[in-house]
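Beneath this line is the structure, given in structure tokens, with notes to follow.
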There are 2 protein chains.
Amino acid sequence: MQELKIKNRPPREAFAERARVIKALAHPSRLLIVDELSRGERCVCELTELVGHDISTVSKHLSLLRQSGIVADEKRGLQVFYRLTTPCVLNFFACIESVIRAGKP
Amino acid sequence: MQELKIKNRPPREAFAERARVIKALAHPSRLLIVDELSRGERCVCELTELVGHDISTVSKHLSLLRQSGIVADEKRGLQVFYRLTTPCVLNFFACIESVIRAGKP
DNA sequence: CTGCTATTTGGCGATTTGGCCAAGAGGATG
DNA sequence: CATCCTCTTGGCCAAATCGCCAAATAGCAG
């Protein structure tokens, strides 16, 4: 038996790790990319056109999403294709929308 | 009938707004606060002790969460109590965990 | 009113982020 | 081989973030 008074909370480090993943989503361009990838895999050039920023900027966004485990990449020929690894992140949107709606009554 | 080629995507501004909400969650201390508030309302002093930073720092975290619509506050006597407005944000954690697990096989 | 407590706000440095440009890496193609 | 093409990386700078301390605010007690 453990000490009963200890709160059943994840360790401090777990919150830091979660924050890293959530932070990777916390940018308009990256949300746009995730939204587009929910429709299927896309190459960097397609995502660059979508986002409308320099390809190097988009590449860095993708790198961040990849490091966070949200997307995976695969090189085929000259192009690199990205896809969602864990589509459950799409479920966020519905909740986020309800937070936004709750904020403006 | 609308132009069929137009993608059924939320407008650009929607992604910026979503990003603001997600960004408010994207910090270890704020995630810890949200986790604690899932157990019930808490005053700033309790949350300050939990987080372990200066009370002014915690107050600013709470202010950010409030501005994003994630928490609401209520003053009673000298204390200010915070509570979750939209508990669905707790559902994030399960998905985030699966992203983290997917990242380390 | 004076003092005490709980919280917020302002301001300051240190660090991080996000954009662009330029340069590099790595395949395909001739 | 040289060249083209797609993407990544490094560097730079402006802006945002996060912590602390100090000062301001607000409610309660005397």
Side-chain angles (χ1 to χ4, degrees), chain A residues 12-13 15-37 40-84, chain B residues 12-13 15-37 40-84:
Chain A
R12 206 48 89 95
E13 175 54 26
F15 289 98
E17 213 163 4
R18 290 172 179 182
R20 280 198 315 104
V21 175
I22 295 179
K23 194 186 296 192
L25 289 169
H27 189 283
S29 299
R30 294 196 290 268
L31 285 183
L32 185 55
I33 289 170
V34 167
D35 181 88
E36 179 67 15
L37 293 182
E41 65 174 21
R42 298 286 186 272
C43 68
V44 178
C45 54
E46 290 173 308
L47 296 172
T48 298
E49 187 190 357
L50 170 69
V51 170
H53 284 155
D54 195 274
I55 187 174
S56 68
T57 300
V58 173
S59 177
K60 280 174 183 170
H61 282 315
L62 289 167
S63 173
L64 193 62
L65 288 169
R66 175 165 25 83
Q67 286 176 319
S68 309
I70 296 167
V71 305
D73 63 334
E74 186 188 350
K75 183 153 197 168
R76 290 204 296 273
L78 285 180
Q79 299 180 324
V80 178
F81 289 88
Y82 281 84
R83 61 181 171 79
L84 289 185
Chain B
R12 205 49 90 95
E13 175 53 26
F15 288 99
E17 213 163 4
R18 291 172 179 182
R20 280 198 316 104
V21 175
I22 295 179
K23 194 185 295 191
L25 289 169
H27 188 284
S29 299
R30 295 196 289 267
L31 285 182
L32 186 56
I33 289 171
V34 167
D35 181 87
E36 179 68 14
L37 293 182
E41 65 175 19
R42 298 286 186 272
C43 69
V44 179
C45 55
E46 290 172 309
L47 296 171
T48 298
E49 188 191 356
L50 170 69
V51 169
H53 284 154
D54 194 277
I55 188 174
S56 67
T57 302
V58 174
S59 177
K60 280 174 184 170
H61 283 313
L62 289 167
S63 172
L64 193 60
L65 287 170
R66 176 166 23 85
Q67 287 177 318
S68 309
I70 295 166
V71 306
D73 63 334
E74 186 188 350
K75 184 153 197 168
R76 290 204 295 275
L78 284 180
Q79 298 180 325
V80 178
F81 290 87
Y82 282 83
R83 61 182 171 78
L84 288 185

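Every chain is numbered from 1 and lettered A, B, ... according to where its sequence line falls, protein lines coming before strand lines.
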Round to a whole Å and report the spacing from [atom1] of [X] to [atom2] of [N].
X	N	atom1	atom2	answer
A:Glu46	D:dC5	CD	P	18 Å
A:Phe81	D:dC7	CZ	C1'	12 Å
B:Leu62	C:dT9	CG	C1'	14 Å
A:His53	D:dC7	NE2	P	18 Å
B:Leu25	D:dC18	CG	P	12 Å
B:Leu64	C:dT8	CG	P	13 Å
B:Leu32	D:dG19	CG	P	12 Å

Is [X] close enough to [N] that one of its side-chain N or O atoms is under 4.0 Å from OP1 or OP2 there?
X	N	value
B:Tyr82	C:dA6	no
A:His27	C:dT16	no
B:Arg76	D:dG27	no
A:Ser59	D:dC7	no
B:His61	D:dG19	yes

Identify whether the distance between the nearest side-chain nitrogen and carboxylate oxygen of B:Arg76 and B:Glu41 falls below 4.0 Å.
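Salt bridge flag = yes for B:Glu41 with B:Arg76.
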
Between [options], which nucleotide gets closest to the side-chain atoms of [X]?
X	options	value
A:Gln79	D:dT6, D:dC18, C:dA22	D:dT6
A:Cys45	D:dC7, D:dG19, D:dC28	D:dC7
A:Asp54	D:dA26, D:dC7, C:dC20	C:dC20
B:Thr57	C:dT8, C:dC21, D:dG19	D:dG19
A:Arg30	D:dC7, C:dA28, C:dG18	C:dG18
A:Ser29	C:dG19, D:dC7, C:dT7	C:dG19
A:Lys60	D:dT6, C:dG11, C:dG19	C:dG19

Donor-acceptor pair present, B:Lys23 side chain and C:dG18 base, under 3.5 Å:
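Such a pair does not exist between side chain and base.
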
Can you tell me whether the side chain of A:Ser56 and the base of D:dC7 have a donor-acceptor pair closer than 3.5 Å?
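Check fails, no donor-acceptor contact within cut-off.
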
The answer to which of A:Leu78 and B:Val80 contacts DNA chain C further toward the 5' end, by nearest nucleotide, is B:Val80

By nearest-nucleotide position on DNA chain C, the 5'-leaning member of A:Ile55 and B:Thr48 is B:Thr48

Using the rule salt bridge (Lys or Arg N to Asp or Glu O under 4.0 Å), only one of B:Glu36, B:Glu74, B:Glu49 pairs with B:Arg42; which is it?
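Of B:Glu36, B:Glu74, B:Glu49, salt bridge (Lys or Arg N to Asp or Glu O under 4.0 Å) with B:Arg42 is met by B:Glu36 alone.
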
B:Ala26 vs B:Lys75, nearer the 5' end of DNA chain D by closest nucleotide
B:Ala26

Find the distance between OG (A:Ser29) and NZ (A:Lys60) and round it off to the nearest 0.5 Å.
14.0 Å

Which value, rounded to the nearest 0.5 Å, describes the distance between A:Leu47 atom CG and A:Arg30 atom CZ?
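Output value for this atom pair is 13.5 Å.
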
Test A:His53 against A:Thr48 for side-chain contact (heavy atoms from CB on, under 4.5 Å), laying out the working first.
CA-CA 6 Å; A:His53 284 155; A:Thr48 298; over 6 Å; no

Any chance you could lay out the side-chain contact (heavy atoms from CB on, under 4.5 Å) test for B:Val44 and B:Tyr82, step after step, and finish with the verdict?
CA-CA 7 Å; B:Val44 179; B:Tyr82 282 83; 3.6 Å; yes

